[in-house]
Q: 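What follows is a single structure, and I will ask about it in a moment.
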Amino acid sequence: MSRYDPKSIEKKWQGKWEEARVFAASNRSEKPKYYALVEFPYPSGAGLHCGHTRPYTALDAVARVRRMQGYNVLFPIGWDAFGLPTENYAIANKIHPAEVTRRNIAVFRSQAKALGYGFDYSREVDTTAPEYYKWTQWIFLKLFEKGLAYKTDMPVNWCVSCKCVLANEEVVDGGCERCGSEVVRRDKSQWMLRITAYAQRLLDDLDTVDYPSRVKLSQKNWIGRSEGTEVDFPVVSGGRPVEPGYALRVYTTRPDTLFGATYMVVSPEHPMLDTYRGLIRNAGAVDAYRAGAARKSDFERGELNKDKSGVRLDGVQVINPVNNREIPVFVSDYVLMSYGTGAIMAVPGHDERDWAFARKFGLPVVEVVRGGDVRLAAYTDTETGVMVNSGFLDGLEVAEAKRRITAWLAEKGLGQSKVNYKLRDWVFARQRYWGEPIPIIHCPECGMVPLPESELPLTLPEVDSYEPTDTGESPLSAIRGWVETICPVCGSGAERETDTMPQWAGSSWYFLRYCDPHNQKALASQESLKYWMAVDWYNGGMEHTTLHLLYSRFWHKFLYDIGVTAMPEPYQKRTAHGIILGPDGEKMSKSAGNVANPMDVVDQYGADTMRLVILFIGDFEKAVSWSDKAVVGSRRFLERVWALQDGLHPGKAVTPALEGLLHKTVKKVTEDVENLKFNTAIAALMTLCNEMSGQKCSWADYQTLLKLLNPFAPHICEELWTKYGAGGLLALQTWPSYDPAKTLDETVEMAVQVAGKLRSTVALPRGSAEADVIAAALADARIAAIAQGREPKRSIVVPDKLVNLIF
RNA sequence: GCCGGGCUGGCGGAAUAGGUAGACGCACGGGACUUAAAAUCCCGGAGACUCAGGUCUGUGCGGGUUCGAGUCCCGCGCCCGGCACCA
């Protein structure tokens, strides 16, 4: 027997798989299809890290099992290659980002192959390739056509020193991540996608897919549906309506507390402050407050949330429609313009924020729901409580009061039910070079004109500098030869849009391109989409739950609506892995110096060892710390599997002593893979191996072990299969089946308890009758000593497991 | 603050329609082989007490339900992640 030398065998098998096109999926097959998907990587300069190997190894194992179970498997890979790090690297090193990308992809691909991942490399997609982003742009045009892409003024994070727009992630503690100076809010015209139009469907259809409940719940909370009422408060000045019929509209989820609304608050951005500026006697103070709020970043507004601030409007009041009382209006930044109507009715007795504000400004607090002490704190319970000080609502429970007041408001034409969502429209533009150009032309005559489809892809121009400009415009705006163009509608001189799409664009539909990656006429053919979609199993990180996962569901639903895809949901089943932390339990990072490189393990121990370690290390769904020490155990296991060759005899019969265990292990591994329990699947294989090394096994026994281990450690198994297998590639063999009857032992060891405490065990035939079990237990020497001739007062028998005797 | 997840040997982790807690692996101790070491193989182990047969205590803490609780219920503590003035 030769030594186990992963170096020599792994390269060899990777070559043979490629040669035999084992992992190439066919768009036409008699077999049932199976689409397994992992989140495609951003090809950074650092190469594959541990965080990639966990999900990739897991789904590679799933794909390999499915292939052996007779499926036509699609398990693709690609590159999500637009993005800031590449652009920054390009700027710093004066290399074109496309070249940086090309190099990084080459490294990633070779590392994926070295780990033995059975991706269909013939279907690779690259989001930065014009033949790919042509279709990203095409989808954008469709969204524009349907009114789902629009441009609007949006507050953005603006660094006063760098003079540029920052993403939220680039704002740290209210300051610029790079220079540390002040970040303020500033309005900028931004491209937006109307994801909110799909809010309800994104919520409803969660019921139709198989996602972990924590993922569904996160999306649900992120969408944030709330049911409430919009109520109109007529505006008065000096006791007279400012304008006939003019009212300020508020949104509330507590219309039942309307009698307790003692003042109103509008957001600093509320348009009424401009409309009625002439009536506001302290307009100067109001202006100053609004200017201060505008200077604050979102972060500061949120961070200072305990300390309420605001200004009362002198000369303008509103009428509470339920009791016709005049109440004051304040402007305060604790009310957001971006939710509801930008104005609220304040009920200090029953809302913590209003209570804090009222306390600070000495405003009256009226109790309208009995249950707490509103002098000490707001009483916010909606489950229990009876209405008081509320006119016709007095004595009602909160829920009933809500119904009653809502009906009353509707009848009087003062308000109506309204559903709101926390979900916001998607800011869909970056002022950067390395992204998909937005295919829109700004014409002085015709306005925004979509680029004709025939001109797609609109490719990125060559530029000398990728640096963002001082004005916050994209570097593309400096390329006049590219910007200046002709309006496709009227032929007059026009300019191209210079913003590019965010990184989330290309990843919102990539799984569709895999179905038909080389199609020149469509993003993918109808037949291929019909055949492969939906994705059967999509695994990815929890961190993508509310962004990528939601964005791609939105795009897919849109493509469904315009007839491109045939299914309303893209992913039938989603799972999420836990992250790999450094040995110190902290997130791996270069600065913390706790990064483990999977390729080092491959070099030193082999790819099969790396694959086993990453799956055996712990519960797949939970975070775990990487440990170099754990590596040796997996390598030793493979050595033991290799060493089993020594005691083999070339029999085709299963060794009787092993039969039960073999059936049990097939069952265990098969089920564990379905349930993401890769760690216990491998543990079961270790147990089998340990058991086998204790005796002389047949080739048949060994073949079963090799088939079961193959999805996790495919190279060593292929190598051993050539010597002890039944011919052909192991990757294409049939997954073993088991006989449930044979997974059960004929003799079982039953626990004997006395009054719930374990006192002894007895071996009995499986399925023994209760009376026999009790008799055997009483006959046991240790039990007899305790019983001292007494008969048990009571006995509980759990078949084949235990008996509990009470004397 | 709200939402979600967790807390089991020296370590990573097993075990939930309530039924023998600690599978599997790491580290450790003992032994075999060896001139020796490494590698490999075998054995051992939750803790305390022990007349060596056992007894008691143990799954973050305090209660409860049950013949029986890591698992269910009530209360509490700590850790990790996400969201954060959403009316």
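Chain letters run A, B, ... following the sequence lines, proteins first and then strands; every chain starts at 1. Predicted, not measured: the structure shown is a model, and the values here were computed from it.
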Q: If you look at every strand shown and take non-hydrogen atoms under 4.0 Å, does V335(A) touch a base, only sugar-phosphate, or nothing?
A: base
Q: Contact class for E749(A) vs. all strands (heavy atom < 4.0 Å): base, sugar-phosphate, or nothing?
A: base
Q: Check the side chains of N320(A) and Y263(A) for a donor-acceptor pair under 3.5 angstrom, ignoring hydrogens and angles.
A: no
Q: Heavy atoms only, 4.0 Å cut-off, all strands: where does S627(A) land among base, sugar-phosphate and nothing?
A: nothing
Q: What's the gap between C24(B) and A14(B) when it is taken at their P atoms, as a whole Å value?
A: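 Rounded to whole Å, the distance is 14 Å.
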Q: Syn or anti for G75(B), given that syn means the glycosidic angle lies within 90° of 0?
A: anti
Q: Say you pick atom C1' in U16(B) and the same atom in G68(B); how far apart are they, in whole Å?
A: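 These two C1' atoms come out 15 Å apart once rounded.
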Q: Does G44(B) pair with anything, Watson-Crick or G-U wobble, both distances under 3.5 Å, and if so, with which nucleotide?
A: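 G44(B) is paired, partner C28(B).
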Q: Could you tell me how far G70(B) sits from C7(B) if I compare only their C1' atoms? Round to whole Å.
A: 11 Å
Q: Counting the atoms with a prime plus P, OP1 and OP2 as sugar-phosphate, which does R759(A) contact under 4.0 Å by heavy atoms, base, sugar-phosphate, or nothing?
A: sugar-phosphate
Q: Can you tell whether the side chains of D608(A) and R635(A) come within less than 4.0 Å, N to carboxylate O?
A: no
Q: For residues M588(A) and N594(A), report the shortest heavy-atom separation together with the two atoms involved.
A: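 For M588(A) versus N594(A), the nearest heavy atoms are CA-OD1, 3.3 Å.
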Q: When all nucleic acid strands are considered with a 4.0 Å heavy-atom cut-off, which category describes N420(A): base, sugar-phosphate, or nothing?
A: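 Contact class for N420(A): none.
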Q: Classify the nucleic acid contact of I344(A) as base, sugar-phosphate or nothing, counting any heavy atom under 4.0 Å across all strands shown.
A: base
Q: Using the C1' atom as the reference point in each nucleotide, state the distance between C80(B) and G9(B) in Å, no decimals.
A: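 Looking at atom C1' only, C80(B) and G9(B) are 22 Å apart.
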Q: Given atom CH2 of W355(A) and atom P of A87(B), what is their separation to the nearest angstrom?
A: 21 Å
Q: With a 4.0 Å cut-off, would you call D5(A) and K7(A) a salt bridge?
A: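 The answer is no: the pair does not qualify as a salt bridge.
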Q: Hey, which of these two, A755(A) or N221(A), hits RNA chain B nearer its 5' end, going by closest nucleotide?
A: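 Its nearest nucleotide being more 5', the pick is N221(A).
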Q: Answer yes or no: side-chain N or O of K308(A) and base N or O of C85(B) forming a donor-acceptor pair under 3.5 Å.
A: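 Yes, the side chain and the base share a sub-3.5 Å donor-acceptor pair.
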Q: Within the structure shown, what part of the strands sits under 4.0 Å from D619(A) by heavy-atom distance: base, sugar-phosphate, or nothing?
A: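 It contacts sugar-phosphate atoms only.
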Q: Compare side-chain N and O positions of R794(A) against OP1 and OP2 of C67(B) and report whether any pair is under 4.0 Å apart.
A: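 Yes, because at least one side-chain N or O of R794(A) sits under 4.0 Å from OP1 or OP2 of C67(B).
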Q: Closer than 4.0 Å, any side-chain N/O of N804(A) to the OP1 or OP2 of U20(B)?
A: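 For U20(B), neither OP1 nor OP2 has a side-chain N or O of N804(A) closer than 4.0 Å.
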Q: With RNA chain B as reference, determine whether R636(A) or T680(A) sits nearer its 5' end, using the nearest nucleotide of each.
A: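 Residue closer to the 5' terminus by nearest nucleotide: T680(A).
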Q: Give one of base, sugar-phosphate or nothing for K629(A), where a contact means two heavy atoms less than 4.0 Å apart.
A: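 Sugar-phosphate only.
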Q: In whole Å, measure the gap between the C1' atoms of G6(B) and G13(B) for me.
A: 14 Å
Q: Can you tell me the distance, in whole Å, between the CZ atom of R254(A) and the C1' atom of A87(B)?
A: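 In whole Å, A87(B) C1' and R254(A) CZ are 11 Å from each other.
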Q: Give the rounded distance in Å between these two atoms: CG of L758(A) and C1' of C67(B).
A: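 Spelled out: CG on L758(A) to C1' on C67(B) is 15 Å.
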Q: Which whole number of Å gives the distance between the C1' atom of G77(B) and that of C28(B)?
A: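 My reading of the C1' atoms in G77(B) and C28(B) gives 33 Å.
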Q: Using the P atoms only, state how far G45(B) lies from U34(B), rounded to an integer number of Å.
A: 28 Å
Q: Would you tell me if any nitrogen or oxygen in the side chain of R640(A) comes within less than 4.0 Å of OP1 or OP2 on G25(B)?
A: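 Indeed, a polar side-chain atom of R640(A) lies that close.
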Q: Calculate the interatomic distance between E543(A) atom CD and G4(B) atom C1'; express it in whole Å.
A: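 Those two atoms, CD and C1', are 15 Å apart.
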Q: R225(A) and Q200(A): side chain to side chain donor-acceptor pair (under 3.5 Å), yes or no, with the steps?
A: CA-CA 8 Å; R225(A) 180 191 158 99; Q200(A) 192 61 47; 2.5 Å; yes
Q: Is D745(A) paired with K664(A) through a side-chain N to carboxylate O contact shorter than 4.0 Å?
A: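 Yes, charged N to carboxylate O under 4.0 Å.
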Q: Distance check needed: G19(B) P versus I806(A) CD1, whole Å only.
A: 17 Å
Q: By the 4.0 Å heavy-atom rule, please label K418(A) as base, sugar-phosphate, or nothing.
A: nothing
Q: Nearest-Å distance, CG (L802(A)) to C1' (U66(B))?
A: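 Checked: the CG to C1' distance equals 14 Å.
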Q: In whole angstrom, give the distance that lies between atom NZ of K801(A) and atom P of G68(B).
A: 19 Å
Q: Does R54(A) come within less than 4.0 Å of E621(A), counting only side-chain N to carboxylate O?
A: no
Q: Scan S226(A) against the nucleic acid and name what it touches under 4.0 Å (heavy atoms): base, sugar-phosphate only, or nothing.
A: sugar-phosphate
Q: If you measure from the P atom in G44(B) to the same atom in C26(B), how many Å do you get, rounded?
A: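 Approximately 16 Å lies between the P atom of G44(B) and that of C26(B).
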Q: Does a side-chain N-to-carboxylate-O contact under 4.0 Å join E230(A) and R249(A)?
A: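 Yes.
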Q: Measure the distance from CZ on F678(A) to P on G25(B) and round it to the nearest whole Å.
A: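 Whole-Å distance recorded here is 20 Å.
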